[in-house]
Amino acid sequence: MKKKSKEFYADAALVVVALMWGLTFLPTAIALKTNGVYVILFWRFLVASALMLAVCAFFTRRLDFKSLKYGAIVGAFLFAGFALQTFALKYAPSSTVAFITGLVVVLAPIINYLLFGFRVRAYTVAGALACATGLYFLCAGEVGFGLGEILALACAVAYTLEIVLAARFVNRCEIFVFVTAEFAVTCALSLICAFIFEGTARPNADGEFIAIILILAVFATVIAFFTQNIAQRYTTPVKTALILTLEPVSAGVAGYYLGGEILSASQIAGATVILAGILISEAGSYIINRKGIY
């Protein structure tokens, strides 16, 4: 398969991942009514780790310590993103946290350049700025500067490093071992924080909670993160960040149609600008590939 075809399918897979994550906002919100954040994270990643361990045992014939190390590093940044976002929500409005966290789309090309020297093309910059603008309107445009905003920015940096480093490591690793280690580290750190900040890791479990955990573990974790890591072998971390800005768009659409939430004209405009930003990036990438410039 040609490089541009692989990149197209990788980008399409990331669109599915973003939509999948957006659709899980509602069930997560339901679970949060009766359980703490870290309790949910612990059980979500415990089930995901168990499933990936079974898959890993079936497909992998040897234990690759390099893959374990790289997966653990990415897992630590993934957990840091979850944890920092949780604390940011205590000190700043959710719309502000959502916008600043979404600045991953702007930070990705910067961090990718600073760490690894990858140059950024003009169409990528244009797409990233459009997506950031769309996020501002989608998240109601409420941004101040305080502890919550600082924590949200740290969260955005952590998520950006997770994306950038995953893109760097996936081509050097046994993918099943890598993803299993990523989930296991996130699970372990969630367990520690559940006891420290919530006093227990025991959930208020009923049939609804179990169903939500299974949905989050299977679809939003195992399938989504495994797909993301595979896709990042064939596309750039910058494009990954761009495409994943579809997550709040799909969350808003799901909230409107399934949760009875109201979308303002500003939010609709923001979602439209995000889609335009992604199209700008994809169109630029297509033109460059047509000319044979990589």
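Values in this document were obtained by computation on a predicted structure and should not be read as measured data.
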Transitive ILVMFWY side-chain link Leu53 to Phe42, under 4.5 Å: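 Cluster IDs for Leu53 and Phe42 differ.
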Quick check: is Leu151 connected to Phe82 through a chain of hydrophobic side chains (ILVMFWY, heavy atoms under 4.5 Å apart)?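 As far as the 4.5 Å side-chain criterion goes, Leu151 and Phe82 are connected within one cluster.
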Compare every heavy atom of [Y] with every heavy atom of [X], then report the nearest pair and how far apart it is.
{"X": "Val185", "Y": "Ala76", "answer": "CG1-N, 3.8 Å"}
{"X": "Phe209", "Y": "Ile40", "answer": "CE1-CG1, 4.2 Å"}
{"X": "Ala132", "Y": "Val106", "answer": "CB-CG2, 3.7 Å"}
{"X": "Val104", "Y": "Ala156", "answer": "CG2-O, 3.4 Å"}
{"X": "Asp64", "Y": "Glu174", "answer": "OD2-N, 3.9 Å"}
{"X": "Ala72", "Y": "Ala181", "answer": "N-CB, 4.0 Å"}

When rounded to the nearest 0.5 angstrom, what is the spacing between [atom1] in [X] and [atom2] in [Y]?
{"X": "Ile111", "Y": "Ile163", "atom1": "CD1", "atom2": "CD1", "result": "10.0 Å"}
{"X": "Tyr159", "Y": "Leu107", "atom1": "OH", "atom2": "CG", "result": "13.5 Å"}
{"X": "Leu51", "Y": "Phe45", "atom1": "CG", "atom2": "CZ", "result": "12.5 Å"}
{"X": "Leu115", "Y": "Ile110", "atom1": "CG", "atom2": "CD1", "result": "11.5 Å"}
{"X": "Leu46", "Y": "Leu191", "atom1": "CG", "atom2": "CG", "result": "8.5 Å"}

Within a radius of less than 6.0 Å around CZ of Arg202, do more than 12 heavy atoms belonging to other residues, nucleotides or ligands occur?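 Incorrect, the count does not exceed 12.
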Would a 4.5 Å heavy-atom cut-off, applied to side chains only, mark [X] and [Y] as touching?
{"X": "Phe77", "Y": "Ile73", "value": "yes"}
{"X": "Thr86", "Y": "Tyr38", "value": "yes"}
{"X": "Glu198", "Y": "Val37", "value": "yes"}
{"X": "Phe183", "Y": "Val179", "value": "yes"}
{"X": "Thr186", "Y": "Leu41", "value": "no"}
{"X": "Trp21", "Y": "Leu244", "value": "yes"}
{"X": "Phe79", "Y": "Cys193", "value": "yes"}

Phe116: which residues meet the side-chain contact (heavy atoms from CB on, under 4.5 Å) condition with it, sequence neighbours left out?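 Checked Phe116 against side-chain contact (heavy atoms from CB on, under 4.5 Å); matches are Asn112, Phe118, Val164, Leu165, Arg168.
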[X] side chain to [Y] main-chain N or O, any donor-acceptor pair under 3.5 Å?
{"X": "Asn204", "Y": "Asn35", "answer": "no"}
{"X": "Lys66", "Y": "Arg172", "answer": "yes"}
{"X": "Trp43", "Y": "Ala201", "answer": "yes"}

Quick one: list whatever passes ring-ring contact (aromatic ring centres under 6.0 Å, His included) with Phe178, sequence neighbours left out.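 Per chain and number, Phe178 pairs via ring-ring contact (aromatic ring centres under 6.0 Å, His included) with no residue.
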Over 60° means perpendicular and under 30° means parallel, so tell me whether Phe59 and Phe176 are parallel, tilted or perpendicular.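 The arrangement is parallel - the two ring planes meet at less than 30°.
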Show me the donor-acceptor pairs, under 3.5 Å and distance only, between side chains in residues 214-230 and residues at least two apart or in other chains.
residue	atom	partner	partner atom	Å
Thr221	OG1	Arg44	NE	2.7
Thr221	OG1	Arg44	NH2	3.4
Thr221	OG1	Leu216	O	2.7
Thr227	OG1	Ile223	O	2.6
Gln228	NE2	Gln232	OE1	2.9
Asn229	ND2	Glu182	OE1	3.4
Asn229	ND2	Phe225	O	2.9

